[in-house]
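Because only heavy atoms are used, hydrogens play no part in the values below, and waters and symmetry mates are left out as well, while side chains stay in. Every chain is numbered from 1, with letters handed out A, B, ... down the list of sequences. It should be emphasised that the depicted structure is a prediction, and the values quoted were computed from it without experimental measurement.
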Amino acid sequence: MILFHSTVLQRETITPDTFSIRLSCPKEFLQRFNPGQFVMVDVAVSSHLDPLLKRPFSVCRLRDDSFELLVKAVGRGTGILQQVAAGTVLSVHGPLGNGFPLATITGKPKIMLVAGGIGIAPIFSLLNGLLASGHPPLELIVGARTAAELLCTDELRKRADQEKGLQLSIATDDGSVGHHGLVTELVSWQLKSGGEKPVICACGPLPMLIALGKLAAEASCSCYLSLESRMACGFGVCLGCVTRKKTGDDRHPWVKICQDGPVFDAETLRLL
Amino acid sequence: MILFHSTVLQRETITPDTFSIRLSCPKEFLQRFNPGQFVMVDVAVSSHLDPLLKRPFSVCRLRDDSFELLVKAVGRGTGILQQVAAGTVLSVHGPLGNGFPLATITGKPKIMLVAGGIGIAPIFSLLNGLLASGHPPLELIVGARTAAELLCTDELRKRADQEKGLQLSIATDDGSVGHHGLVTELVSWQLKSGGEKPVICACGPLPMLIALGKLAAEASCSCYLSLESRMACGFGVCLGCVTRKKTGDDRHPWVKICQDGPVFDAETLRLL
Amino acid sequence: MIDLSVSLAPGLCLKNPVMTASGTFGYGREYEPYLELDQLGAVVTKGLSLLPKAGNPPPRIMETPCGMLNAIGLENIGVEAFLRDELPGLKAAKATVVVNFFGETVDEYVELAGILDREAGIDALEINISCPNVKAGGLQFGTDPEMAAGLVAAVRRQTSLPLITKLSPNVTDIAGMAVAVAEAGSDCISLINTLTGMAVDLQSGRPVLANVTGGLSGPAIKPVALRMVYQVLQKVKIPVIGIGGITSARDALEFLLVGATAVQIGTGNFVNPAVAAEIAAGIEAFLRERSISRVSEFIGSLQLPESC
Amino acid sequence: MIDLSVSLAPGLCLKNPVMTASGTFGYGREYEPYLELDQLGAVVTKGLSLLPKAGNPPPRIMETPCGMLNAIGLENIGVEAFLRDELPGLKAAKATVVVNFFGETVDEYVELAGILDREAGIDALEINISCPNVKAGGLQFGTDPEMAAGLVAAVRRQTSLPLITKLSPNVTDIAGMAVAVAEAGSDCISLINTLTGMAVDLQSGRPVLANVTGGLSGPAIKPVALRMVYQVLQKVKIPVIGIGGITSARDALEFLLVGATAVQIGTGNFVNPAVAAEIAAGIEAFLRERSISRVSEFIGSLQLPESC
Ligand SMILES: Cc1cc2nc3c(=O)[nH]c(=O)nc-3n(C[C@H](O)[C@H](O)[C@H](O)COP(=O)(O)OP(=O)(O)OC[C@H]3O[C@@H](n4cnc5c(N)ncnc54)[C@H](O)[C@@H]3O)c2cc1C
Ligand SMILES: Cc1cc2nc3c(=O)[nH]c(=O)nc-3n(C[C@H](O)[C@H](O)[C@H](O)COP(=O)(O)OP(=O)(O)OC[C@H]3O[C@@H](n4cnc5c(N)ncnc54)[C@H](O)[C@@H]3O)c2cc1C
Ligand SMILES: Cc1cc2nc3c(=O)[nH]c(=O)nc-3n(C[C@H](O)[C@H](O)[C@H](O)COP(=O)(O)O)c2cc1C
Ligand SMILES: Cc1cc2nc3c(=O)[nH]c(=O)nc-3n(C[C@H](O)[C@H](O)[C@H](O)COP(=O)(O)O)c2cc1C
Ligand code: FES
Ligand code: FES
């Protein structure tokens with residue numbers, strides 16, 4: 001994890017409330033990066049002291065001398081980023097957290113990647129990581145509330161067309177594209193359809209992750225979930241981002257999402 | 001005084017630490033404006049809550065649908081303005097304060113305008129106001145620490161060349177241009193040189209204004225000074241910007257710079 | 001139509017819960033270029049004393065992170081000038097008028113309350129107890145529950161106007177202060193006044209404020225204000241007015257959610273002189289979106305975790 | 001060379017006045033990727049208790065205007081794990097180590113002080129008195145001068161290590177608290193701990209923090225912290241450590257100007273993990289620019305207006 005000043009190289013609107021942002025970084029950052037890791041980004045440009053805290057974002061894609069975030073504008077910090085001009089310099093801290101356990105995952109006979117909404121960001125970086133190295137068959141299931149909110153689907157479709165071992169399924173809550181319903185329904189059907197037991201890697205809204213954890217447990221699949229939490233530090237020192245682990249005792253009940261995660265084996269957590 | 005959202009139309013660097021900024025405004029603003037008045041400008045762009053308070057700036061020049069400020073970057077707020085991109089929308093409140101008493105001034109046989117450093121801003125708007133209407137002979141005396149910090153001199157020289165009734169003198173602390181010394185020395189000589197008694201209108205650092213007030217009193221000239229103060233509201237409600245008046249009593253010792261000023265007859269104040 | 005009205009005391013019903021905070025709204029009419037005074041729940045005047053007061057020498061204000069310090073020192077035109085020069089205009093504008101006032105002794109408070117009580121067009125009194133009691137050696141009325149209760153009781157006897165007591169946050173036990181003034185007969189409690197703070201100037205090596213310390217206000221103090229409103233509401237049954245760092249309808253709604261019957265907008269008025277009216281409109285829009293037909297249904301609807 | 005060293009107690013000399021604040025710097029070594037621990041005046045550890053403590057359930061933090069609320073609830077690994085797993089690394093890094101600690105009863109504090117006293121490599125203790133005293137019905141040690149003095153005196157008897165007492169700002173009379181703990185034998189006072197605050201979520205209609213209230217820190221509280229340091233220094237002669245909202249060398253210098261012998265950086269470490277070292281360097285640069293050869297000459301050089 002390194003601290004660096006990063007220049008906003010590009011910002012592109014994707015939907016009215018999502019955008020991508022490309023940030024310069026040192027080579028060292030790219031070398032250290034593991035899919036599923038995140039960065040803390042300063043949103044208090046121009047010496048404003050407010051908003052005070054950096055914001056956590058999963059890295060969506062690496063470039064030669066930069067990386068990309070996919071951001072949904074939900075509040076003040078993300079709203080400021082949505083307006084930020086190319087050339088602006090932001091302070092960045094990362095890569096942070098553990099990322100997905102690549103070695104473990106690629107050892108499985110099949111991988112199922114599941115993304116809900118903006119949760120596509122770390123899944124996209126994981127997909128690229130897997131495609132760049134050898135990988136078992138990949139099942140990619142993405143969902144959103146409606147067609148307009150689906151992110152990166154053009155690109156994902158292109159990948160799925162090019163890459164034999166990659167199959168893409170889409171779900172929307174309103175049925176405007178793909179399956180009319182939840183991604184978890186697609187996952188559930190896949191798991192019940194038999195065949196190789198996949199390892200599941202997922203990111204998305206908490207209810208989706210909880211449901212996936214249950215499905216995986218029932219099907220005895222391994223399942224890695226990328227979690228979110230408000231964060232003050234992002235590197236394990238504020239103790240602000242804890243969640244309950246399954247095997248904890250009264251004196252040690254927590255894991256830290258920023259440091260022990262954000263990716264967890266679903267089995268190790270007590271999410272509800 | 002009106003509240004409006006204003007678009008930054010242009011920002012131009014003048015010296016490393018001064019810049020001009022052109023801000024859009026409604027017609028009503030231009031109609032109401034009186035030279036010497038100021039605006040309060042929000043520097044907390046992009047929904048930042050910090051810096052919290054608007055900043056006061058004299059209007060330097062009116063345009064067709066906009067006005068210009070001349071700003072010296074001295075701290076956080078002015079530093080943010082120095083970076084602001086064209087197209088940014090800022091909240092503006094104005095025109096505020098009294099401005100120079102044009103009718104009184106133009107009734108005098110001679111007008112002496114004195115500006116120190118960034119104090120040129122309201123003096124420039126007063127000059128333009130006077131040139132646009134009828135006016136007695138004008139003496140313009142501007143000063144700065146060094147040649148590089150003299151503001152608007154090219155433009156002022158051009159005006160002085162074009163306009164018969166306008167004479168320009170320059171002073172720099174280091175003698176790099178014009179008189180080697182203080183503007184107050186030039187003023188003092190002029191006052192001693194006899195001739196018509198001028199009315200003095202001045203803006204600049206407080207020590208300069210205090211000295212001018214004394215010179216004017218000695219020479220029995222009227223003298224109008226544009227003062228500064230930290231301001232929270234700019235329109236008379238916070239009571240944060242008071243200064244002592246000459247004739248005040250223990251229960252009513254103050255005038256408000258934002259509302260009773262920023263331009264005061266030097267005789268009415270107790271500045272030291 | 002959404003019913004925004006709230007009742008702060010018998011005989012004190014506001015058309016909406018948005019008031020202005022004393023000392024940040026002048027005597028009221030200064031804001032007429034920006035909003036209609038009768039669109040506000042109430043206008044609270046600059047704190048008045050018996051005689052005009054000069055306040056502290058400048059510098060009096062300083063910006064701080066998300067806030068400001070002020071050491072105005074309670075400068076005001078005095079009750080006589082207020083009644084003569086300001087009150088008629090407020091009445092003409094149909095404003096609901098709350099007069100904030102203070103003294104340096106209990107007697108001064110009582111005398112002032114008596115004068116104000118006789119005056120038509122004043123809808124309520126807000127008693128500022130964050131003032132040094134000169135007879136008690138400069139100790140603030142507002143930091144000692146017994147002193148505060150004594151003061152409120154004395155004023156209470158003097159006036160039948162609805163009485164709001166404004167609490168200082170610079171105390172260990174805000175709920176204890178609230179209980180004391182409620183028992184002494186205050187109809188309503190408003191909080192918070194400013195937190196005492198200080199700023200220094202590295203350049204000059206001096207305090208920024210001539211008075212050395214000043215009162216901190218603005219968004220910076222909102223979390224403290226919310227907490228104190230919450231704590232006070234655990235202990236008293238009378239209505240509470242939330243004050244501190246409100247600059248948006250969302251901020252105001254947070255105080256209402258916690259249980260404040262109304263709010264006061266202070267420093268926010270300086271940054272945007274139209275903000276109080278905008279906040280009233282924003283509260284209405286929020287309730288409409290949620291299909292809540294009366295603001296009183298929303299007030300105090302905070303759901304606490306089970307363990308609390 | 002500029003002499004940045006300051007003395008906080010007999011036997012506690014820091015190489016510069018920049019310390020880290022408890023609970024914001026982990027156990028110290030987490031920051032080794034960003035700075036050299038021995039470049040800091042001292043590292044103050046997360047508050048330790050006798051046994052490991054789980055703290056509060058999440059959500060535990062919330063950003064506020066220019067600040068943050070935390071309700072971590074004093075989660076820590078316990079003294080045993082600290083001595084075994086963390087202290088050796090801090091010693092190896094040549095850090096000056098201040099251990100922050102707390103208990104729920106005087107006995108717990110005393111027992112812990114005894115354990116820490118026996119350990120080599122600990123340079124000082126910082127006693128956090130902003131904790132509920134379970135025996136006194138949950139009243140905070142830190143809000144009652146007598147309770148605080150009793151606690152400090154009991155701990156003082158147990159250890160010969162330099163003893164810093166960390167004060168809570170949630171009191172009416174901070175100077176009174178300072179006098180009480182100074183008389184009880186504290187070598188030094190640090191302040192301020194967090195101001196109690198609260199945040200609510202309009203969306204859910206609930207408090208943001210599972211614990212409902214939390215501690216406010218960050219730039220928002222700097223004016224309150226500066227004022228309290230100032231007030232305490234009017235009343236006590238022992239060294240004071242300034243804490244609250246420091247994110248730059250200028251902030252730190254403001255506390256030194258007022259008279260703090262050292263400062264602690266808290267929330268600022270989260271935003272920029274290298275900030276403590278940058279502040280130490282910035283203080284040095286400032287003094288060099290002013291041709292001040294010792295930081296001790298600058299400390300307390302505030303010039304007050306004549307009337308004070
Ligand atoms: C490890 C990690 C990776 C993330 N990756 C991405 C990403 O790739 N793209 C992306 O758009 N977002 C991502 N997020 C979420 C992102 O951090 C938050 O949306 C952002 O911090 C909100 O900041 P704000 O100032 O706009 O919102 P605020 O104004 O602070 O809050 C607005 C709303 O957002 C909610 N919120 C705020 N912070 C969080 C949070 N950390 N987690 C969940 N809800 C929150 C609040 O409840 C509130 O409703 C990630 C979060 C984590 C922890
Ligand atoms: C009526 C009026 C008209 C003005 N016109 C102009 C103008 O045309 N052009 C221009 O560049 N400036 C003008 N100023 C000054 C300008 O308002 C301040 O420089 C500005 O507010 C500083 O903001 P900041 O955030 O950059 O500084 P801060 O970070 O707040 O402070 C930085 C430094 O500036 C000083 N300072 C801050 N505010 C003021 C103030 N109001 N007056 C004097 N010193 C201050 C502080 O002491 C400090 O040393 C005017 C001020 C007033 C009251
Ligand atoms: C400049 C200024 C002057 C004030 N004067 C008074 C006053 O005269 N009487 C009073 O009770 N409170 C006074 N206050 C306190 C405010 O009414 C309010 O309680 C405080 O500012 C917190 O609210 P805010 O954060 O919205 O500003 C004053 C505040 C400011 C900023
Ligand atoms: C997340 C967090 C945890 C803290 N934990 C402790 C603690 O364990 N013991 C303690 O004495 N103070 C603790 N504090 C208070 C800080 O040490 C410090 O006094 C306070 O944050 C004010 O400083 P700041 O504004 O620089 O953050 C904590 C503060 C924060 C933000
Ligand atoms: S965000 Fe600070 S410990 Fe995880
Ligand atoms: S700046 Fe508020 S009264 Fe002048």
Legend entry - Residue part contacting chain D, namely of C:L202, when any heavy atom lies under 4.5 Å: both
Legend entry - Among the listed options C:P207, C:P219, C:A225, the residue most often paired with chain D at heavy-atom distances under 4.5 Å: C:P207
Legend entry - Inter-chain contacts: residues 284-295 of chain C against chain D, heavy atoms under 4.5 Å: C:F286, C:R290
Inset, instruction - Working to the nearest 0.5 Å, report the span between CZ of D:R227 and CG of C:N170. - result: 5.5 Å
Legend entry - Atom pair NZ/SG of C:K222 and C:C66 - distance to nearest 0.5 Å: 10.5 Å
Legend entry - Reported CD-to-CG distance for the pair D:Q231 and D:L226, which is rounded to 0.5 angstrom: 11.5 Å
Legend entry - C:F255 versus chain D, the contacting section by heavy-atom distance below 4.5 Å: neither
Inset, instruction - Check whether the side chains of C:N269 and C:T24 place a donor and an acceptor atom closer than 3.5 Å, and report yes or no. - result: yes
Inset, instruction - For the residue pair C:T267 and C:S217, confirm or rule out a side-chain donor-acceptor distance under 3.5 Å. - result: yes
Inset, instruction - Report yes or no: do C:T172 and D:T172 form a side-chain donor-acceptor pair below 3.5 Å? - result: yes
Legend entry - chain C contact via D:L302 - which portion, at a heavy-atom distance below 4.5 Å: both
Inset, instruction - Specify which of D:A220, D:G245, D:G214 makes the most heavy-atom pairs with chain C at under 4.5 Å. - result: D:A220
Legend entry - Per-residue contact mode, C:D201 against chain D (heavy atom under 4.5 angstrom): backbone
Inset, instruction - Return the option, out of D:I221, D:D144, D:T213, D:V224, with the maximum number of heavy-atom pairs under 4.5 Å with chain C. - result: D:V224
Inset, instruction - Measure distances from C:L253 to the heavy atoms of chain D and classify the residue's part below 4.5 Å as side chain, backbone, both or neither. - result: both
Legend entry - Atom group of C:V258 that falls short of 4.5 Å from chain D, counting heavy atoms: side chain
Legend entry - Side-chain heavy atoms of C:I174 within contact of C:L191, under 4.5 Å: yes
Inset, instruction - Side chain from CB out, backbone as N, CA, C, O: work out which of these in C:L216 comes under 4.5 Å of a heavy atom of chain D, or both, or neither. - result: side chain
Inset, instruction - Applying side chain to side chain contact (heavy atoms under 4.5 Å, CB included), name anything that partners D:A178, two or more places apart in sequence or on another chain. - result: D:L167, D:I189, D:V232, D:V236
Legend entry - 4.5 Å side-chain heavy-atom contact, C:S190 and C:V240: no
Inset, instruction - Please determine, among D:L257, D:T143, D:T64, the option with the most heavy-atom pairs under 4.5 Å with chain C. - result: D:L257
Inset, instruction - Check whether any side-chain heavy atom of D:I61 lies under 4.5 Å from a side-chain heavy atom of D:L69, and answer yes or no. - result: no
Legend entry - Among the listed options D:D173, D:V229, D:T196, the residue most often paired with chain C at heavy-atom distances under 4.5 Å: D:T196
Inset, instruction - Please report the shortest heavy-atom distance between D:A210 and D:P58, naming the atom on each side. - result: CB-O, 3.5 Å
Inset, instruction - Could you tell me the separation between the SG atom of C:C131 and the CD atom of C:E104, rounded to the nearest 0.5 Å? - result: 8.5 Å
Inset, instruction - Could you look at C:S301 and say if it's the side chain, the backbone, both or neither that has a heavy atom under 4.5 Å from chain D? - result: backbone
